Amino acid sequence: MFLLAMRSIRHRPGRFLATLLSSFLGAAIIMTFNSMHDTAARDGVDPTSAETLSTAAGVVGGYGTLLVFFAVASTLTVNVRQRAAELELLRCSGATPAQLKRMVVGEAVVVALVGAALAIGPAMLGGQALLEVFQDSGQVAESVDHSFGPIALMTGIDITLLASAGAAFLAVRRATRGHERRGGARKFLAYAALLSGAASVSATFVFSATDAALMAPPAYGAILLSVGFALMAPRLLEGVLDRLPLSGASGWLAVRNLRERAGQLAGILMSLILFTAVATATLTMQAVESDAVEASGLTKSIDAKNLETLNFTVVGIIVVFVCVMLVNSLYAATSYRAREFGQQRLAGATPGQVLGTVGAETLILTVTGVLFGMVAALAGIVPFTLVRTDGVLPGEAYGIGAAVAAIAAAVTLGTSLVTARRMLRTPAVGAVAVAS
Amino acid sequence: MFRAGSRRTHDKGPAAEALRLVKVTKTYGAHDSAVTALDGVTLGLGRGTFTAVMGPSGSGKTTLLHCAAGLDRPDSGIVRVDGTELTGGGEAELTKFRRGRIGFVFQQYNLLQTLTVAQNTVLPLKLAGQRVDRRRAKEVLTSVGLGDRLGHRPGQLSGGQRQRVAIARALVTEPRVIFADEPTGALDTRSARDVLRLLQQAVRLHGRTVVMVTHDPVAASYADSVLFLADGQLAGRLDAPTADAVAERLAHLGDHVATGV
Ligand SMILES: Nc1ncnc2c1ncn2[C@@H]1O[C@H](COP(=O)(O)OP(=O)(O)OP(=O)(O)O)[C@@H](O)[C@H]1O
Ligand SMILES: [Mg+2]
C-alpha cells in the first residue's frame, strides 16, 4: 500500500500540489517564528533581547502554529473528500479499509515531509529577515545572530506531519465508512473547541492591561471559536440555506449543490472563518494596542512607530498565510468539479449559468463564513479592548472588519470564478470523459 | 450564429429533414498521433425516422453523434439540425439551440449526483428558465417506469434505472431530434426492450427523430434503418432491418470498406 501511495503521488503530482503547498507554507511559518526560540537560546544573548524573541515566538508562533495546524488539516480534508470516488473504486477492487487508510495517510506523510523539507531553506531566510525587523525596530540588540536550531526544525516538521496525517486519517475513515450519519466525534470536537475558545477569551480578564502576552488569550480564543464554528459548518450552512429566497436556475442549482456538499465544504468554510476571524481580531487588537501605547505617552513616538510596524509585519505574515490557504483550498475544491460542470453543460446549462451557479454558491459560502468569522473575532476583540482600554468596541473595528469582509469576498469569488472559467475551457464532452 | 436553411423565424414547426451532415470531418490529436474519427461523412435523415448507427469499436459512432448534436465541433463540413445550420457561435448560443431541439442520452448517463431523479429530469427545463412543477417530472418519469423513484439519487439506482432517467431527461424538453449513445449497452434484455419501445414511441406517437448508436443487432432491428460506419466513413445502409440481416451485414463490414461501397 505504501508503494501504491508512492505511485499515486508520482502519477498525479498535480493533485498533491495543493497539499504540498499548504504543508510547505505551514512548515515555513512555524519554523520562521520558532527559530526565534532557537535564537533566544543562544549563548551571549542579553536578557531583554531574549525575552522579546521568546514572547514573539511564544505568542505569535503559538497561535500561528494552531492556525497552521487547522489550515493544513482543512486542505487535506478537502483533498481526501474529493477522492471519495477513487477510494470507493479501490475498495471495490479489493482494498481493505486498513489498506486504504495506510495509502492515504502514507501519501499525506510523504507530502508533508517533502513540504517541510522544502520549507527549511525559506524558513532560514525568513527567520533571518524577521530578526532583522526586530533589530531595526530596536527590540533586539544588533549583536544577536540568527540561529536555526532543533526547536524550529522539530516543531515545523512535527506539527505539519501531525496535522496532515491526522486530517488524512479522519477524512479517509469517513470516506471508507461510506454514507453514515455524522459521527458524534465531530460534534464533541466542535463543542470542545467552542468551550476552550470561550475559556481562552475569558482568560483575557486575568491579565493586566500592560502584560506583554495580553494579546495571546483573545487571539487563541478567536481561533478556537472559529474552529468550533467550522466544525459545525454543515449545520450552520443548512441553517443559512433554509432562510434563503433564491430564484433562477443558477440559484436553484447552487442551493441544491451546497445542501449536498455541505459536509465537503467544511474545509473551505474553516479557511474562510479562520481568515475573517484572525485578520479582523489581530489587526483590530494591534490597532487598539497602538492607540493605547500612544495614549500612555510612555515611549518615544519613534519607538512606538517601530513597534507598530513590527507587530503589523508579524500579524500581516499570519493573515497573508491564511489568505493563501483559503485560495489554495478553494482552488483545489473547484478544480475537482470539472466533470460536474461538464454534466451541467450537457444538461443544457450555458457557461454563464455554470459560472452563475458557482458565483451564487461562493457568495452564500462567503456570507456564512464572514458572519461566523466576525462573531469569533468580536469574541476576541471585546475582552481585549475592555482590559487594555476602557472602551468596548474600538472604532477601528468597523473599518478593519469591512476591509476584511471585502477581501474575503473578493478572494473567494475571484478564486472560484477564475478556476471555474478555466474548467469551462475544456469542451463539455471532454470534461465528463476524464476519469478523475 | 445560426443560419436558417429556409429563412424561418421563430418556430414554424419541424423541418422536413431532421438531420443533414455534409462532408463532416473530425480529427483528434495532431501530427503523428492524429486519429481521423470522421472522414467526410455525408448523410440525411428525414423527420420522424428511427435510425440506428452501427460499426466496430472506434469507428467514430460517438464522434458522429457528438458532432451532429453540437456537442463537438467538426473540423470541416456542415451540420444542419431541424433545418438550422450549426456554425460558429459561442457555447452559450449552441447550448440554447440544443435545449429547444435536441435531446441526448449519454452512454455514461451524465446525471448530476447532487440532484434527485426528479430534479435531474427537469433540470433542462429549469435551465431554460421555464416553470416546472412536480407533476411534469412525475409524468415523464412514469412514462419510463420510474414514477415511484422521484426522490432517489442517481447513486441509489441500478444502471438500467439511471439510463431511463437519462432518457426521461432527454424527452422532457420535447426535442425534435433525440440522439442516444448505446442506450441499451448496460441493460438486460427486458429493460433494453423497454428502452427501445420508449424510443420507438417517441418516433411513432410524437413524431420525433431518433438516432441511436448500438452494437446489438436486435436493438438495431427496432429502427427503420441502419447506417453502418467503418473507419470514420459510411459503409452502407440497411432499411427495414431484421436482427439476422444486421448481424450478417456487420460480419462483412470490413469487405464493404475495401470495395468502397
Ligand atoms: N477525445 C479524443 N481524443 C483523441 N482521440 C479520440 C477522442 N475521442 C475519440 N477518439 C478516437 O476517435 C476514434 C473514434 O472514437 P469514437 O469514440 O467515436 O468511437 P466509437 O465508434 O464510439 O467506439 P465505441 O463503439 O467503442 O464506443 C477512436 O479511434 C478514438 O480513439
Ligand atoms: Mg462510443
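Order of the sequence lines sets the chain letters (A, B, ...), proteins ahead of strands, with each chain counted from 1. What you see is a predicted model, and the numbers here were worked out from it, not measured in a lab.
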* For the ring pair F179(B) and H66(B), is the centre-to-centre distance below 6.0 Å? -> no
* Asked: Are R259(A) and E238(A) close enough for a salt bridge, meaning some N to O gap below 4.0 Å?
  -> no
* Pick one of side chain, backbone, both or neither for Q353(A), based on which atoms fall under 4.5 Å of a heavy atom in chain B. => side chain
* To do: State, with a plain yes or no, whether a side-chain heavy atom of K138(B) is found less than 4.5 Å away from one of L141(B).
  => no
* To do: Let me know if L111(B) has heavy atoms under 4.5 Å from chain A in its side chain, its backbone, both or neither.
  => backbone
* Highest number of heavy-atom pairs under 4.5 Å with chain A: which of Q113(B), K96(B), R153(B)? -> R153(B)
* First locate atom CD of E361(A), then atom CZ of R337(A), and finally report the distance between them rounded to the nearest 0.5 Å. => 4.0 Å
* **Residue F106(B) versus chain A: region with a heavy atom under 4.5 Å** => side chain
